[in-house]
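Beneath this line is the structure, given in structure tokens, with notes to follow.
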Amino acid sequence: MPAVSKGDGMRGLAVFISDIRNCKSKEAEIKRINKELANIRSKFKGDKALDGYSKKKYVCKLLFIFLLGHDIDFGHMEAVNLLSSNKYTEKQIGYLFISVLVNSNSELIRLINNAIKNDLASRNPTFMCLALHCIANVGSREMGEAFAADIPRILVAGDSMDSVKQSAALCLLRLYKASPDLVPMGEWTARVVHLLNDQHMGVVTAAVSLITCLCKKNPDDFKTCVSLAVSRLSRIVSSASTDLQDYTYYFVPAPWLSVKLLRLLQCYPPPEDAAVKGRLVECLETVLNKAQEPPKSKKVQHSNAKNAILFETISLIIHYDSEPNLLVRACNQLGQFLQHRETNLRYLALESMCTLASSEFSHEAVKTHIDTVINALKTERDVSVRQRAADLLYAMCDRSNAKQIVSEMLRYLETADYAIREEIVLKVAILAEKYAVDYSWYVDTILNLIRIAGDYVSEEVWYRVLQIVTNRDDVQGYAAKTVFEALQAPACHENMVKVGGYILGEFGNLIAGDPRSSPPVQFSLLHSKFHLCSVATRALLLSTYIKFINLFPETKATIQGVLRAGSQLRNADVELQQRAVEYLTLSSVASTDVLATVLEEMPPFPERESSILAKLKRKKGPGAGSALDDSRRDPSSHDINGGVEPTPSTVSTPSPSADLLGLRAAPPPAAPPAPSGAGNLLVDVFSDSPATQPGLGPSPEEAFLSPGPEDIGPPIPEADELLNKFVCRNNGVLFENQLLQIGVKSEFRQNLGRMYLFYGNKTSVQFQNFSPTVVHPGDLQTHILSAWPSPAPPGLPSWQPGNRSRSLFGPLT
Amino acid sequence: MIKFFLMVNKQGQTRLSKYYEHVEINKRTLLETEVIKSCLSRSSEQCSFIEYKDFKLIYRQYAALFIVVGVNDTENEMAIYEFIHNFVEVLDDYFSRVLRYSAV
């Protein structure tokens with residue numbers, strides 16, 4: 001298209017621009033602009049009709065002023081008038097103006113759409129192109145509605161010029177992306193695919209972009225494009241450098257088109273037709289071969305373009321994952337790039353290799369490069385490249401090289417950026433767990449993790465190590481010993497204290513024989529860290545102390561002394577105070593048998609999917625690697641003290657006693673000794689929300705305080721027992737039988753209270769004519785301010801099983 | 001898909017910005033400052049691809065001018081890298097008497 005040379009076209013404009021450029025200050029510039037705006041305004045309002053040239057000049061000036069950053073609020077009408085002129089330059093300025101200054105005035109939009117319609121129908125290719133560009137640039141819904149049906153027709157019409165076809169394809173693409181529902185699939189889809197065979201490379205490029213986008217939603221409609229794309233690609237790749245004259249970039253034929261074709265092929269599985277497949281494989285091999293040949297030009301652009309095609313080819317090979325020799329060749333090629341001079345290539349090679357590592361054919365080949373990758377991890381100056389190297393090590397890890405990789409990643413962690421530390425910690429934890437043959441190595445690794453990057457070790461990681469240690473008898477002693485030694489370090493991270501406290505509390509007896517780690521020594525070691533820790537850790541340590549009283553009676557007096565101290569019994573934090581009081585009483589009141597039963601060793605945790613994987617997946621976002629499985633979160637929450645929100649555990653089939661409304665938290669104990677009964681309520685009162693999980697596995701505190709873990713699925717308790725608990729609780733199940741469960745939730749503030757009643761249908765049939773009534777005993781009637789009945793009055797049909805409706809009682813004084 | 005195309009000079013002023021996905025005006029300035037900051041702080045030995053939030057930035061430096069393209073993960077980075085160069089060459093050819101410095 002001819003350039004608009006402002007030099008010879010509009011002298012007035014050129015003068016104006018040089019005036020602006022010569023302005024010495026911002027104020028002078030604004031003054032000049034305002035002068036011009038006033039001039040233009042008067043000209044537009046004037047009686048004399050302006051001729052096309054002047055209109056064009058002024059509209060152009062307005063556009064320039066807008067681009068400088070000032071707001072323009074007039075001139076749209078004149079611009080729209082320019083659209084209907086027959087001169088190309090005027091039309092172009094008109095379209096330019098309205099594309100840049102989009103106006104939402106509906107009257108104008110109607111006029112604009114009219115003008116565009118005329119231009120589209122005009123059969124003049126330049127005018128049609130202008131109109132199509134305008135639609136594509138603006139892409140508003142109104143335009144889409146007006147033109148979405150016409151553009152496919154133009155696209156596949158036999159007599160459209162190449163430039164028009166190009167513009168039409170891209171315009172359609174834009175409209176489709178903006179409002180996919182407006183573009184109807186029709187018989188034009190088959191014709192669009194045939195555009196891939198067009199002579200003009202520009203048309204092919206535009207068509208490929210369009211098809212790539214469309215086939216994501218409707219892959220079947222465009223299936224035929226695969227064979228056409230393959231033949232086009234092989235023609236380009238094997239063409240001599242003199243063939244595609246206009247489309248050869250530094251001796252590389254049509255690089256962007258090749259990349260687009262390769263990407264289109266990645267939307268489909270490998271072609272079934274043997275001939276097509278053969279051609280494609282040949283083509284891919286040619287690309288790989290060319291990479292080995294000496295370059296035709298010294299310029300960096302040539303090698304960049306060539307490599308762009310090469311990387312896309314490798315992506316395609318990885319996507320197909322079916323040709324072993326191609327995969328191995330790709331891997332070798334990437335291996336060469338790993339040590340290339342250019343950082344860009346090293347980065348891209350590491351990234352591609354990451355996806356290659358998960359393919360079974362090439363996994364072994366990838367592993368051969370482990371030394372190069374480790375070297376990259378240590379010596380690269382660019383943090384993104386180092387991060388890719390770490391990702392690749394994670395992907396290529398398996399049983400044979402796990403130990404080496406984990407130790408390298410730990411070493412990297414010591415100097416890593418803070419932003420990426422958490423991710424690396426999670427990865428190391430996952431690898432250590434997955435490939436641990438010897439669990440003492442696993443324990444060492446996690447403790448090292450805590451030592452190196454304690455702040456970034458999230459809770460899931462150290463919960464996991466505790467679960468594993470609890471479940472495996474053979475490693476308990478080793479864990480206790482290692483943790484004891486780690487705690488002796490002068491500066492010890494708080495997470496280490498947490499882990500150490502828990503492990504010594506459970507398994508401290510295993511190392512108590514050794515005089516260096518005798519019970520009093522253990523206790524004083526833990527207690528020395530006590531005051532440096534946060535509230536959550538201190539709470540955990542208090543639990544450890546009571547466990548010590550059970551395990552090591554000789555420490556009873558010392559520990560009781562600590563518990564009795566004013567700083568514990570009158571501690572400002574409610575959790576600590578409660579624990580101190582309760583544990584003190586427990587230790588003094590309960591006999592040794594009862595104490596032993598209550599403080600029995602933790603049962604093994606049920607095997608569950610790792611919550612660490614879930615956390616890593618969440619961090620990486622939805623694009624996480626396919627090697628990570630979908631996992632459920634670990635429902636047992638160790639931290640009662642307001643830190644972690646309890647998540648509802650997934651109940652696979654609701655049993656009759658399952659709590660539909662999630663209101664019942666702790667199983668009521670069968671024959672509770674007094675302190676542990678209080679302890680049970682302790683759990684409930686301090687739960688975060690009424691929807692605490694009905695634990696499938698016992699959370700440590702519940703099992704700790706209630707006798708034995710067999711109390712998991714509670715039978716439907718008697719009504720009395722249900723009512724009793726409301727002495728201390730506001731929420732809970734009020735009544736339950738085979739048909740119905742009624743729950744209550746209430747909240748009170750000062751002299752006002754509010755109660756919600758929830759009714760749950762436990763049967764598999766529907767309730768009809770369900771109408772709850774609330775009867776208030778005499779006195780209470782006068783105090784109830786308002787009551788709202790359930791939203792299911794009689795006569796309303798079907799009340800679904802498992803449904804709940806509710807009544808709401810307003811403020812009670 | 002290309003999300004945005006920016007031309008920024010070394011002082012941090014945006015010379016050209018074209019967004020292919022709707023971004024609010026105030027968010028644009030924020031985006032641009034952050035993008036510029038990450039590009040300016042890189043040395044020549046580091047690679048030209050930066051990961052920023054959920055897209056990738058591919059940048060190329062021409063004297064005092066940075067051209068930054070933000071893409072999502074469906075694009076081939078090397079192809080975009082060369083595309084930037086192609087764009088600059090086209091500008092050079094089209095406005096033949098205009099030097100790169102004028103864009104700054």
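None of these values were measured; they are calculated from a predicted model. Each chain gets a letter, A, B and so on, in the order the sequences are listed, and its residues count up from 1.
- For A:K177, the part lying under 4.5 angstrom from a heavy atom of chain B is the side chain only.
- Looking at B:Y20, there are no atoms closer than 4.5 Å to chain A (heavy atoms on both sides), in backbone or side chain.
- Nearest heavy-atom pair across A:V383 and B:Q46 is N-NE2, 4.5 Å.
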### Task
Starting from the C-alpha separation in whole Å, work towards a yes-or-no answer on side-chain contact (heavy atoms from CB on, under 4.5 Å) for B:R42 and A:D382.
CA-CA 9 Å; B:R42 294 176 73 85; A:D382 184 347; 3.0 Å; yes

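- Between chain B and the options A:R174, A:E342, A:K260, A:R381, the largest number of non-hydrogen pairs under 4.5 Å is found for A:R381.
- Separation of atoms CE (B:M1) and OG (A:S209) is listed at 12.0 Å; rounding is to 0.5 Å.
- A distance of 12.0 Å separates OH of B:Y81 from CG of A:N307, quoted to the nearest 0.5 Å.
- Rounding to the nearest 0.5 Å gives a distance of 3.5 Å between CD of A:E351 and NZ of B:K56.
- Chain B forms more heavy-atom pairs under 4.5 Å with one residue of A:Q266, A:R388, A:Q387, A:E380 than with any other, namely A:R388.
- When all heavy atoms of B:N76 and A:R263 are compared, the pair lying nearest together is N-NH2, 3.9 Å.
- The stretch residues 66-74 of chain B places B:D73, B:T74 near chain A, each with some heavy atom under 4.5 Å from a heavy atom of that chain.
- Between atom CD of residue B:E77 and atom CG of residue A:N344 there is a gap of 9.5 Å, rounded to the nearest 0.5 Å.
- Of all heavy-atom pairs between A:V385 and B:C47, the closest is CG2-SG, 4.3 Å.
- For a residue to count as touching a neighbouring chain, one of its non-hydrogen atoms must lie under 4.5 Å from one of that chain's; by this rule B:E82 touches chain A with backbone and side chain alike.
- For chain A, the nearby parts of B:F49 are the backbone and the side chain; heavy atoms of each come within less than 4.5 Å.
- Note that NE2 of B:H85 is 4.0 Å distant from OH of A:Y250, once rounded to the nearest 0.5 Å.
- At a 4.5 Å heavy-atom cutoff, the contact between B:N86 and chain A is made by backbone and side-chain atoms alike.
- Heavy atoms closer than 4.5 Å to chain A are found in the side chain of B:E89, but not in its backbone.
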